[in-house]
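Handing you this structure, nothing more for now.
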There are 2 protein chains.
Amino acid sequence: MLPESFLPTNLDVAQLRSSCATCSLRELCLPVGLNDQEVDILGEVVSYKRKVKRGSYLHRTGTKFQALYAVKSGFLKTCILEEDGRQQVTGFHMTGELLGLDAISTELHTCDAIALEDSEVCEIPFAKLEEISRTIPSLMHHFHKIMSREIVRDHGVMMLLGSMKAEERLATFLLNMSRRLAIRGYSESNFNLRMTREEIGSYLGLKLETVSRAFSKLQDEAVISVNNKHIQIHDLQRLKTKMGNSSCAT
Amino acid sequence: MLPESFLPTNLDVAQLRSSCATCSLRELCLPVGLNDQEVDILGEVVSYKRKVKRGSYLHRTGTKFQALYAVKSGFLKTCILEEDGRQQVTGFHMTGELLGLDAISTELHTCDAIALEDSEVCEIPFAKLEEISRTIPSLMHHFHKIMSREIVRDHGVMMLLGSMKAEERLATFLLNMSRRLAIRGYSESNFNLRMTREEIGSYLGLKLETVSRAFSKLQDEAVISVNNKHIQIHDLQRLKTKMGNSSCAT
DNA sequence: ACCCGATTTTGATTCAGATCAACCCGAAGA
DNA sequence: TCTTCGGGTTGATCTGAATCAAAATCGGGT
């Protein structure tokens, strides 16, 4: 099994989906452990909200980096692509997660971010974030934790890509989705995927046909039900065992 | 070809290997763009130096995180390992690079760091680093860049593991080593590897036999010479073309 | 309701890399 | 010097996933 730390939570609070209609900071991943006054300070920074229609870009590779984006609602993917056309999905991102961390290093975005459904993000001008984090140490520390968690997540994916078989990869992926949805208050065993088989494949280092076959196999074994994008997990426990033992019985 | 940003430089200054025998801060990756006074402040934080003998651990998975480590000399690997014994090398680290970034998120190390040759590191207590970075904005910003660069590097590895063939992976790996050595003033075309075939394989998601065969193939094609751990690159240009075009002629 | 393009599933075949196995080589130690 | 042992190379075979191909299904628009 992958270590717990593989799972890219990207948020520490469970009560994300507030009923508040405005761009409430409380929904984001950043203001963990801040007092009201500090949240107010942060609030002036993240005021700008942006809508991203399904299929359109939040940012493109090579464009200037100015702000991080906190996902307020919706679902996005990030991917890098080579000149020769090869594409690698580097992540899927849902409510409360932070996008753009990779762009800090060069001041240019190093990947594309594309909405897989109509989404909303809060823009967080990075220069301002650094500025106020000087006066709010806990904010700075939490931001460091978020970046670090992204590194840990990436290491988990390296492990997956480097040494897991197709079925293990898919099981890991499903459990990851399940867990992240559960944290946000959705069902852990009943959900709709927002991405295509090809996108899943790109993320997992597999071809789309292989992903499809792996789905079918898990369904044949009655571990899950698959109806196109709709997934139902019947046996979470058994799915977990699939994650980590290629050596054990199939 | 991988984007330039793939290459995990982890330092911005070329003149790393100063002749100064003490633990000069100037050699590290952190004090970029600081004035003398600021370097002095930072100096009080990173005073402690630690030796790590070849084969021994700098830190182990699960132990408490207290400090980042800046490699002063030597060569280390980091790896995560599963209960079932599977191991994944997540990186190789040389002079000037920063270790331990993954541990910030949970306050526990999420990987082992093992010296592949006798090495020296400077300990940087993280709490203190955060503290002084409040008063030195450029230090904070540079630290953010370093973390971000690690994320970009990891994405590059994901690309490699997700969509490259064995030979492409090895070519990419060699060019990466070559470049990092060149930055440090060593030959870009003539160097000794410090890790075994198995460790290379783990990093690249290949078995050691496959790594060995890929080496032999590149040698047969007169692109490189291999003598055990000693590598000589004869045709850097051709090696670069190997990196990115599985579709093109072999 | 119907159509069209995109997506998904499934089958047949191929192939890159894993696995199994033998052997070689060089450094460390008796 | 001889032995041993951890790497490393190379060959033979196997296999999981890629590739090629053809249906089936879904969803959006008219």
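Lettering follows sequence order; numbering is per chain, from 1.
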(request) Output the single nucleotide from C:dT9, C:dT10, C:dG17 whose closest atom is nearest the side chain of A:S216. (result) C:dT10
(message) With a 6.0 Å cut-off on the ring centroids, do A:Y186 and A:F191 count as close?
(response) no
(message) Rounded to whole Å, how long is the line connecting atom CD1 of A:I231 with atom C1' of C:dT9?
(response) 14 Å
(request) Indicate whether any N or O donor in one side chain lies under 3.5 Å from an N or O acceptor in the other, for B:T95 and B:S73. (result) no
(request) Look at the side chain of A:L206 and decide which nucleotide, out of D:dA17, C:dT10, C:dG17, has an atom nearest to it. (result) D:dA17
(request) Report the distance from atom CG of B:L218 to atom C1' of D:dG8, rounded to the nearest whole Å. (result) 16 Å
(message) For C:dG17 and B:T210 - does any side-chain N or O of the residue sit under 4.0 Å from the phosphate oxygens OP1/OP2?
(response) no
(request) Identify whether any heavy atom of A:S212 sits under 4.0 Å from a base atom; if not, whether one sits that close to sugar-phosphate; answer base, sugar-phosphate or nothing. (result) base
(request) For the side chain of A:E209, starting at C-beta, report the closest nucleotide among C:dT10, D:dG16, D:dT10. (result) C:dT10
(request) When you get a sec, tell me which of C:dG17, C:dT9, D:dT10 is the closest nucleotide to the side chain of B:K165? (result) C:dG17
(message) Taking the basic N atoms (NZ, or NE/NH1/NH2) and the acidic carboxylate oxygens, is any pair closer than 4.0 Å for B:K242 and B:E221?
(response) yes
(request) Please state whether the phosphate of D:dT9, meaning OP1 or OP2, lies under 4.0 angstrom from any side-chain nitrogen or oxygen of B:R197. (result) yes
(request) Measure from CG on B:N228 to P on D:dT9 and round the result to the nearest Å. (result) 6 Å
(request) Considering only NZ, NE, NH1 and NH2 on the basic side and carboxylate oxygens on the acidic side, decide whether B:D112 and B:R60 come within less than 4.0 Å. (result) no
(message) Please report the distance, rounded to the nearest Å, between CG in B:N227 and P in D:dG8.
(response) 13 Å
(message) I'd like to know if the side chain of A:H155 pairs up with that of B:T110 as donor and acceptor (distance under 3.5 Å, no hydrogens or angles considered).
(response) no
(message) Between C1' on D:dG7 and CG on B:N192, what's the gap in Å once rounded to a whole number?
(response) 15 Å
(request) For B:G205, answer base if it contacts any base atom (sugar-phosphate contacts may also be present), sugar-phosphate if it contacts only those atoms, and nothing otherwise; contact means non-hydrogen atoms under 4.0 Å. (result) sugar-phosphate
(request) Return the nearest nucleotide to the side chain of B:K229; candidates are D:dC26, D:dG8, D:dA18. (result) D:dG8
(message) Let's see if you can work this out: which of C:dT9, D:dA18, C:dG11 has an atom nearest to the side-chain heavy atoms of A:R213?
(response) C:dG11
(request) Could you tell me the separation between the CD atom of B:E198 and the C1' atom of C:dA18, rounded to a whole number of Å? (result) 14 Å
(request) Go through D:dG8, C:dT19, C:dT9 for me and flag the one nearest to the A:V226 side chain. (result) C:dT9
(message) Measure CD1/A:I200 against C1'/C:dT9 and give the value in whole Å, please.
(response) 14 Å
(request) Measure from CG on A:L208 to P on D:dA17 and round the result to the nearest Å. (result) 15 Å
(message) Nearest to the side chain of A:K207, heavy atoms from C-beta on, is which of C:dT8, D:dT19, D:dT9?
(response) D:dT19
